[in-house]
Q: 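Starting off with a structure, shown below.
As the structure is a computational prediction, the values presented were derived from the model and not from experiment.
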Amino acid sequence: MRVKTLALLTCLGFAFPALAQTDTAALRDAALKDDIAWDITEGLTTEIGPRLAGTKAEARARAWAVKKLAALGFSNVRNEPFRMKTWVRGEETLEVLAPFPQPLRLTALGNSGATPAKGLEAEIVYFPTLAALQAAPDGSLKGKIAFVSHSMTRTQDGSQYGAFGAVRRSGPATASRKGAAAILIRSVGTDHHRNPHAGGTNFPEGVTAIPAAALSLPDAEQLERILERGQPVKVRLTLTPRQIGTTESGNVIAEVPGSDPAAGLVVVACHLDSWDLGTGAFDDGAGCGIVAAAAKRIMDAGRPRRTIRVLWAGAEEVGVFGGKAYFEAHKGEKHALAAESDFGADRIWRVDFKLPESARPLGDRLAAALVPLGISRGQQRASGGADVSDLIASGVAGIDLQQDGTRYFDLHHTPDDTLDKIDPAQLRQNVAAWTAMLAEVANAPEEIGPAQ
């Protein structure tokens, strides 16, 4: 193939033109029959399962990943460890004691405090929004359990998560400052199964970590209906998570060596850890399968100009610790471009760019190559996924291959995040798009310098 010819000419010191659209098209179309991404996702979710950051399960996942990426033929495969404070789940139950006794389904939020072993009995105080909780007088919730709802709906781009995710991220700390004994939230999701959505929260220094949990959407609506009867609602909440101290996490890295070190690195990322309710297929086993499968296809076609670095980051879910560790360890290296797959496995529908003016032709070529896959060029500036966000913020160029998120928050952080939810045809479309992107970016003759 022409990719091999380009690599040979580069080694001999010859300049070369951009990868021809016909060659990119051939690589792209061949990827529509890819089985590597499925094999990786199936293997990771079957042989490892849930991979909560900092736990023995995540450590097994790193060992599995190193072995898998080496077997696929990547170079410089290694684990880059880092240390982190680790939280683990315990018992979690909620029972309405009065006026209508019944159990409700919930799960503790990451970093939640604990109730007494026998549970906490208290009255519910209802807030329809996070803003309503924020407006409550200081001290008004002493001895009470706050319950905060919201109205998140489905969108293709997942944009409501930014707004409504604040209920989970900062709601517990707000309730603690108001004196609450605990907080319940409506899960940040869009399904209507009795599956609560996990996810991390944060208690800043000086703020007491109170018990914090998310109700499944049907159970949150049930609690709202009970409250609408106008009688005091008393519950028994039992949450027994614990902090187990500092443990090891790590980033798994593999490379496709390029022929021109001065051209910079192309980083393609995902995160290896997952929440512990499902098996982390959508979030983010599929992402790891997608980026590795695409990188392997470029590797098998011949040596690219730029080195492709595959980053399977650790501990993303609990604080993007892997992405931060990667940036600190490698920020002195020349990164040409960074991109991440971390929004499920449904089809890519839009591409966004953050490129310097010098690389505008590259963006034009890639946009044209993606059209046959049903992917349109967006008008937003690429921001990268969580694990490459520090790179992008530092001025590294980026490309966002935007996946359809219509059903993503049905599955996100739930027990339903399992392999059977992945559509193999849509997974292959992702691999085809990423293959086309890497074919163009890794071999582009243009300088891909800082993009402010």
Side-chain angles (χ1 to χ4, degrees), residues 3 6-19 69 74-80 82 250-270 291-292 294-296 298-299 301-313 320 322-341 352-363 365-366 381-401 434-452:
V3 176
L6 291 175
L8 176 60
L9 290 174
T10 300
C11 291
L12 295 174
F14 291 98
F16 53 85
L19 189 70
L69 290 167
F74 288 100
S75 299
N76 304 323
V77 181
R78 73 267 192 189
N79 170 46
E80 295 188 351
F82 56 86
N251 295 324
V252 175
I253 292 174
E255 293 175 346
V256 179
S259 60
D260 183 2
L265 299 162
V266 179
V267 174
V268 290
C270 63
V291 299
K296 178 171 171 55
I298 303 304
M299 175 176 64
R303 193 175 187 185
R305 180 187 177 202
R306 292 179 176 85
T307 292
I308 299 169
R309 179 174 288 169
V310 177
L311 167 62
W312 287 8
V320 198
K324 293 172 183 175
Y326 176 85
F327 181 74
E328 288 303 316
H330 298 279
K331 61 185 176 183
E333 300 174 46
K334 183 177 179 180
H335 290 83
L337 185 137
E340 183 162 11
S341 179
D352 294 323
F353 297 97
K354 179 194 172 188
L355 296 172
E357 187 62 30
S358 62
R360 181 180 291 273
L362 164 62
R365 291 195 304 273
L366 178 56
R381 192 169 177 82
S383 58
D387 296 296
V388 298
S389 60
D390 283 351
L391 286 172
I392 300 293
S394 73
V396 174
I399 293 175
D400 291 345
L401 292 167
W434 278 81
T435 299
M437 186 273 283
L438 285 177
E440 291 294 342
V441 171
N443 290 291
E446 294 91 356
E447 175 70 17
I448 309 177
Q452 300 300 331

Q: Would you say Arg306's side chain and Ala444's backbone share a donor-acceptor pair under 3.5 angstrom?
A: yes
Q: Quick check: closest heavy atoms across Gly398 and Ala382, and the distance to 0.1 Å?
A: O-CB, 3.6 Å
Q: Between Glu340 and Ala386, is there a donor-acceptor pair closer than 3.5 Å when you use the side chain of the first and the backbone of the second?
A: yes
Q: When you compare the side chain of Leu337 with that of Leu355, does any pair of heavy atoms fall below 4.5 Å?
A: yes
Q: Could you tell me whether a side-chain N or O of Asn79 sits under 3.5 Å from a main-chain N or O of Val252, the two making a donor and an acceptor?
A: no
Q: Applying side-chain contact (heavy atoms from CB on, under 4.5 Å), run through Leu401 and Ser341 and close with a yes or a no.
A: CA-CA 8 Å; Leu401 292 167; Ser341 179; over 6 Å; no
Q: Might you point out which heavy atoms bring Glu447 and Ser358 nearest each other, and give the distance in Å?
A: O-OG, 2.8 Å
Q: Under 3.5 Å, is there a donor-acceptor pair between the side chain of Arg309 and the main chain of Val266?
A: no
Q: Look up atom CD1 in Ile392 and atom CD1 in Ile399, then write down how far apart they are to the nearest 0.5 Å.
A: 9.5 Å
Q: Take atom CZ of Arg78 as the centre, draw a 6.0 Å sphere, and report whether it contains more than 12 heavy atoms from other residues, nucleotides or ligands.
A: yes
Q: Provide the closest heavy-atom pair for Glu333 versus Ala329 in the form atom of the first, atom of the second, distance.
A: OE2-O, 4.4 Å
Q: Taking C-beta and beyond as the side chain, do Asn251 and Trp312 meet within less than 4.5 Å on heavy atoms?
A: no
Q: State, to 0.1 Å, how close Val396 and Ala338 come at their nearest heavy-atom pair, and which atoms those are.
A: CG1-N, 3.9 Å
Q: Rounded at 0.5 Å granularity, tell me how far CZ in Phe82 sits from NZ in Lys324.
A: 10.5 Å
Q: To the nearest 0.5 angstrom, please state how far the CG atom of Leu311 sits from the CG atom of Asp387.
A: 6.0 Å
Q: Of the non-hydrogen atoms in Val268 and Met437, which two are nearest, and what is the gap between them?
A: CG1-CE, 4.2 Å
Q: May I ask you to test the Ile253-Asn76 pair for a side-chain heavy-atom distance under 4.5 Å?
A: no
Q: Short question: side chain of Lys334, backbone of Ala262 - any donor-acceptor pair under 3.5 Å?
A: yes
Q: Which heavy atom of Ala397 sits nearest a heavy atom of Ala336, and at what distance?
A: CB-O, 3.4 Å
Q: Working to the nearest 0.5 angstrom, can you tell me the gap between Glu255 CD and Thr307 OG1?
A: 6.0 Å
Q: Mind checking what makes ring pair (Phe, Tyr, Trp, His ring centres under 6.0 Å) contact with Tyr326, not counting sequence neighbours?
A: His330, His335
Q: Looking at side-chain heavy atoms only, is the closest gap between Pro361 and Glu446 below 4.5 Å?
A: yes
